[in-house]
Amino acid sequence: MDSFSTLIRTASHEQHVEAETSTFMSDLLGGRLGVDAYARYTEQLWFVYEALEASAGRLASDPVAGPFIRPQLMRLASLERDLAHLRGPGWRTGLTALPATGEYAARVRECAEEWPAGYVAHHYTRYLGDLSGGQIIRDKAERTWGFARKGDGVRFYVFEEIGNPAAFKREYRELLDGIRADDLEKQRVVAECKRAFALNTGVFRALGEEFPLSA
Ligand code: HEM
């Protein structure tokens, strides 16, 4: 039987392709969007990570979610530095969540409060993605909008305290394989991961509508 880390990756593969090839992501990676669209996207991430990380302290002692909570992963402070760079010191004033983002953050919060294993699905979907494809987005953002390499504007994608991302991901997959959940609960976590991907795609769809290409 496949390991749980393989199962969750395989099960979300199709939706990963969908997210990767969404209009908004394609336009972003294709260098066809202005920095305003990137800033708006970064703002949406703020709401998601606020939901993920506000509960991290409490979940650290949870038997299921606890092992996944690592201070090296925390992104909120980096996101705030990026937003200060992108929007200026008053970045909080104009910060608004798109309805799709509100829905995503609410679901993360709900899992954090009521279902730690479901929270793991969201944790996996974001952080393992950021450690992987996030690096492609960073590289593109640096080139497209002229941010300093690994500097302000793209700090969200830079995990300063993770020296070896490949090793970190390997360890993370081992944690997934050892998750304290029976088979039925694992199935539920996989389903929640798919939901997490769908919530991300929803945010991309909304961003795509807000930033249609004029061409
Ligand atoms: C254009 C956007 C994206 C690109 C180019 C991209 C690219 C990649 C690549 C190359 C990997 C493989 C890394 C490896 O095998 O170690 C990966 C893994 C992953 N990505 Fe993405 N990705 C993108 C968007 C997303 C999004 C939007 C999500 C979800 C929010 C996501 C979640 C994940 C996850 C969870 C993994 C880890 C899979 C695993 O090994 O279990 N990615 N991504």
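For ligands, and for the atoms within them, numbers begin at 1 and follow the listed sequence. Just so it is clear, the structure is predicted and the values come from calculations on it, not from any experiment.
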Engineer: When the ring planes of Tyr49 and Phe156 are compared, do they come out parallel, tilted or perpendicular, using 30° and 60° as the limits?
Structural biologist: perpendicular
Engineer: For atom 20 (N) of ligand 1, what's the nearest protein heavy-atom neighbour? Residue, atom name and distance, please.
Structural biologist: His16 NE2, 2.9 Å
Engineer: Does an N or O from Thr125, backbone or side chain, lie closer than 3.5 Å to an N or O of ligand 1?
Structural biologist: no
Engineer: Below 4.0 Å from any atom of ligand 1, is there a heavy atom belonging to Tyr127?
Structural biologist: no
Engineer: Assign the ring pair Tyr38 / Tyr41 to parallel, tilted or perpendicular, where the plane angle (0 to 90°) is split at 30° and 60°.
Structural biologist: perpendicular
Engineer: Counting heavy atoms only, which part of Phe197 comes closer than 4.0 Å to ligand 1: side chain, backbone, both or neither?
Structural biologist: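 Side chain only.
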Engineer: What do the steps show when you test His122 against Leu199 for side-chain contact (heavy atoms from CB on, under 4.5 Å), and what is the final call?
Structural biologist: CA-CA 10 Å; His122 288 281; Leu199 287 163; 4.1 Å; yes
Engineer: So for ligand 1, is Ser5 a polar contact partner (N or O within less than 3.5 Å, distance only)?
Structural biologist: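 No, since none of the N or O atoms of Ser5 sits under 3.5 Å from an N or O of ligand 1.
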Engineer: Under 3.5 Å, is there a donor-acceptor pair between the Thr144 and Arg32 side chains?
Structural biologist: no
Engineer: Could you check whether Glu192 pairs with Arg107 (Lys NZ or Arg NE/NH1/NH2 to Asp/Glu carboxylate O, under 4.0 Å)?
Structural biologist: yes
Engineer: For Phe159 versus Leu73, what's the shortest heavy-atom pair and its separation?
Structural biologist: CE2-O, 3.6 Å
Engineer: Tell me whether Asn200 has any N or O atom under 3.5 angstrom from an N or O of ligand 1.
Structural biologist: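 In this structure, Asn200 places no N or O atom under 3.5 Å from an N or O of ligand 1.
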Engineer: Pick whichever of Arg126, Glu20, Glu18 has a heavy atom sitting closest to atom 23 (C) of ligand 1.
Structural biologist: Glu20
Engineer: Any atoms of ligand 1 less than 4.0 Å from a non-hydrogen atom of Met25? List them with their elements.
Structural biologist: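 Here the atoms of ligand 1 in question are 1 (C), 2 (C).
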Engineer: Going by the atom numbers of ligand 1, which of them fall below 4.0 Å from some non-hydrogen atom of Lys169?
Structural biologist: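 By the 4.0 Å cutoff, the relevant atoms are 13 (C), 14 (C), 16 (O).
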Engineer: I need the contact type for Ile136 against ligand 1. Using non-hydrogen atoms and a strict under-4.0 Å cut-off, is it side chain, backbone, both or neither?
Structural biologist: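 Answer for Ile136: side chain.
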Engineer: Indicate the ring-plane relationship of Phe211 and Phe24, choosing parallel, tilted or perpendicular according to the 30° and 60° boundaries.
Structural biologist: tilted
Engineer: State whether Arg173 and Asp177 are salt-bridged, where the test is any N-O pair (Lys NZ or Arg NE/NH1/NH2 against Asp/Glu carboxylate O) under 4.0 Å.
Structural biologist: no
Engineer: Given that the side chain starts at C-beta and the backbone is N, CA, C, O, which of these parts of Leu29 lies under 4.0 Å from ligand 1, counting heavy atoms, or is it both or neither?
Structural biologist: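 Under 4.0 Å from ligand 1, Leu29 contributes side-chain atoms alone.
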Engineer: May I ask you to identify the nearest protein heavy atom to atom 33 (C) of ligand 1, giving residue, atom name and distance to one decimal place in Å?
Structural biologist: Gly129 CA, 3.3 Å
